[in-house]
Amino acid sequence: MSPRAVSRVFTKGGAKGVPATPRAGGAAPPWLLMLLSCSAQFLVVLDATIVSVALPPIAAALGFTTSSVGWVVNAYTLAFAGFLLLGGRLADLVGTRAVFLTGLGVFTAASLWCGLATAPWHLVLARAVQGLGGALLMPTTLTIVHLAYAEPAGRARALGLWSMVGAVGAAAGTVFGGLLTDSLGWRWVFLVKVPIGVAVLVVAWRALARRPRTDAPREPLDVLGALLVTCGLAALVYGVVAFGEPAGTARAVAFSAAAVVLLTLFVARQHRWARSPLMPLRIFGHRAVSAANAVMFCLGIGYLASPVVLSLYLQHVLDYSPSRAGLGFLPTALAVMVGAQVTGWMTTHWGTRRTASLGLSLVTAGFLLLVRLGPDTSFLPTILVPLLLVGLGAGVAFTPITVAATSSVEPALTGLASGLLNTTRQVSTALGIAVLTAVAGALGGAHGYGVAFLIAGLLAALATAGAATLLPRERG
């Protein structure tokens, strides 16, 4: 979307002259701030899926095993999920500009490192660092939107664009990944983000306002809490992966038990021991926050993990090339854009509950139709129609869920609420990839992938029920 188009969207009935963060020498125009926010979010979300179709070539080039290559995705996802709360808290305490620039710088440098990796552990470590950069960057993108548009209708439109960019990034990552892998090689799924990151960094340096200096003491950061939740989530996902491996039951039980201990310690620290909790538990006193995160968790396991699962099915069962498999996700990306074009209006006029329920119903229908996958399934219409339903439904659903999760909290907790929602998205993605690929691998062949999508459909149905009963009725 061009800067002029973004400007038209948000000057018509937008924030009534309330710009986001004014910079020295004048106010940064809202369209520029939205462009920065959406560009940064697109990079981060794109990175979670652009690698999926390149996994077979990466495994062959660097010597990954079939079971270990999934960590190219999970190392990023888990570091991202574990440090998102810290990123959101930093944005609240230190300031949006400083955290945005730091996160983008780390993310861009790690992208270069990934593209130059020569061994499996090099790539996995670089992906974890990249996830850390994304975790610092992502919460600031949503904070910028909230600061820019205070009026409900304008904010709903802004969040509609923000959600669309995220959903399109997730769907389009597989398209770009396939084309880049076949044309330039797998390293370019990482290297392509370097010049884009540098360009966004230069613009952000000038456009974002510096935080005014203050003599007030800053609260300490709960770094130990971030380590506890990151290690706990990593142990949880590894435990799930181990259940699907031969002779992996003992490791699965051990890591699952470790995950329970670490996550319990994290919650106890937030409740009793931390001077400045990474995740103040009072945020869950907002019913809308708790409900939206529960709905996002169920949705994320299926929708956000589906690009990896479907990509493996298309390449391993139907023998698609990486570029052909990637192009198979193009209808989803287009459908997401269509859904996101109408969701702002729907959220404003119908409310978060009705809009989210409609979108999630479409996602559920699409996943359940994918249960019919077979060893010689034709793309049209057996795969195409479900993908259109899933994409359209996701494009409609993400905005009202985001509105419910972030609009009911006080401004001082906006970064935390954003980080919490994105943490839920990433944790559900990692668990979804681990569970669905383990199911597909254990059952084998097309039947295994069909069962994986059945699980995704049942969780999407649970998300629909949660949205219909728990999300607030208020209009955006």
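Values reported hereafter were calculated over all heavy atoms of this structure, with side chains retained and with hydrogens, waters and symmetry mates removed. Not measured: the values here are computed from a predicted model.
The CG atom of L90 sits 11.0 Å away from atom OG1 of T140, with the distance rounded to the nearest 0.5 Å. In this structure, L310 CG and F329 CZ are separated by 4.0 Å, a value rounded to the nearest 0.5 Å. Interatomic distance, CD of Q41 versus CG of L46, reported as 11.0 Å (0.5 Å rounding). In this structure, OG in S306 is found 8.5 Å from CG in L370, a value given to the nearest 0.5 Å. Taking CH2 of W345 as the start and OG1 of T355 as the end, the distance is 9.0 Å to the nearest 0.5 Å. In this structure, CD1 on I301 lies 9.0 Å from OG1 on T429, to the nearest 0.5 angstrom.
Considering only heavy atoms from C-beta on, I50 stays 4.5 Å or farther from T174 through its side chain. The shortest side-chain heavy-atom distance between R287 and P472 does not fall under the 4.5 Å cut-off. Between L470 and V295, every side-chain heavy-atom pair lies at or beyond the 4.5 Å cut-off. Between M34 and I144, every side-chain heavy-atom pair lies at or beyond the 4.5 Å cut-off. In this structure, the side chains of H286 and E410 come closer than 4.5 Å at one or more pairs of heavy atoms. Here the side chains of V338 and V342 are not in contact, with every heavy-atom distance at 4.5 Å or above. Side-chain contact between L420 and F284: present, with at least one pair of heavy atoms (C-beta onward) separated by less than 4.5 Å.
Residues passing the ring-ring contact (aromatic ring centres under 6.0 Å, His included) test with F266: none are found, sequence neighbours excluded.
Put simply, the side chain of T352 never gets that close to the backbone of P400: no donor and acceptor are under 3.5 Å apart. Judged by distance alone, the side chain of S37 and the main-chain N or O of T141 form a donor-acceptor pair under 3.5 Å. Checked by atom type and distance alone, the side chain of T437 pairs as donor or acceptor with a backbone atom of I433 at under 3.5 Å. At distances below 3.5 Å, at least one donor-acceptor pair connects side-chain atoms of R97 with backbone N or O atoms of L208. In this structure, T399 contributes its side chain and G344 its backbone to no donor-acceptor pair below 3.5 Å. For the pair Q270 (side chain) and P280 (backbone), a donor-acceptor distance under 3.5 Å is absent.
Cation-pi check for R425 over Y303 is not met; the charged atom does not lie both under 6.0 angstrom from the ring centroid and within 45 degrees of its normal. In this structure, R127 forms no cation-pi arrangement with W113, as its terminal cationic atom is not both closer than 6.0 Å to the ring centre and no more than 45° off the ring axis. Cation-pi geometry between R269 and W273 is not satisfied (NZ or CZ under 6.0 Å from the ring centre, within 45° of the ring normal).
Looking at every heavy atom in both residues, T469 comes nearest to R353 through O-NH2, 3.4 Å. The nearest pair of heavy atoms linking G197 to T108 is CA-OG1, 3.5 Å. Here the shortest heavy-atom pairing between V289 and A405 reads CG2-O, 3.4 Å. Here the closest non-hydrogen pair linking G105 and L201 is N-CD1, 4.3 Å. Looking at every heavy atom in both residues, A404 comes nearest to A292 through CB-CB, 4.1 Å.
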side-chain contact (heavy atoms from CB on, under 4.5 Å) assessment of D222 paired with L224:
CA-CA 5 Å; D222 187 13; L224 177 58; 4.2 Å; yes
### Task
Show the numbers, then the answer: is there a side-chain contact (heavy atoms from CB on, under 4.5 Å) between V51 and F190?
CA-CA 8 Å; V51 183; F190 304 109; 3.7 Å; yes
### Query
Which is it for L161 and V165 under the side-chain contact (heavy atoms from CB on, under 4.5 Å) test, yes or no, and what are the steps along the way?
CA-CA 6 Å; L161 177 61; V165 169; 4.2 Å; yes
- Task: Carefully, step by step, assess L32 and V203 under the rule side-chain contact (heavy atoms from CB on, under 4.5 Å).
- Result: CA-CA 9 Å; L32 179 58; V203 175; 3.9 Å; yes
Contacts table for residues 450-467: side-chain donor-acceptor under 3.5 angstrom, sequence neighbours left out:
residue : atom : partner : partner atom : Å
T464    : OG1  : L360    : O            : 3.3
T464    : OG1  : T364    : OG1          : 3.4
T464    : OG1  : A460    : O            : 2.9

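Within the structure, the ring pair (Phe, Tyr, Trp, His ring centres under 6.0 Å) test picks out the following pairs touching residues 78-103 (sequence neighbours left out): Y76-F80.
Of the N and O atoms on the side chains of T402 and W162, not one donor lies less than 3.5 Å from an acceptor on the other residue.
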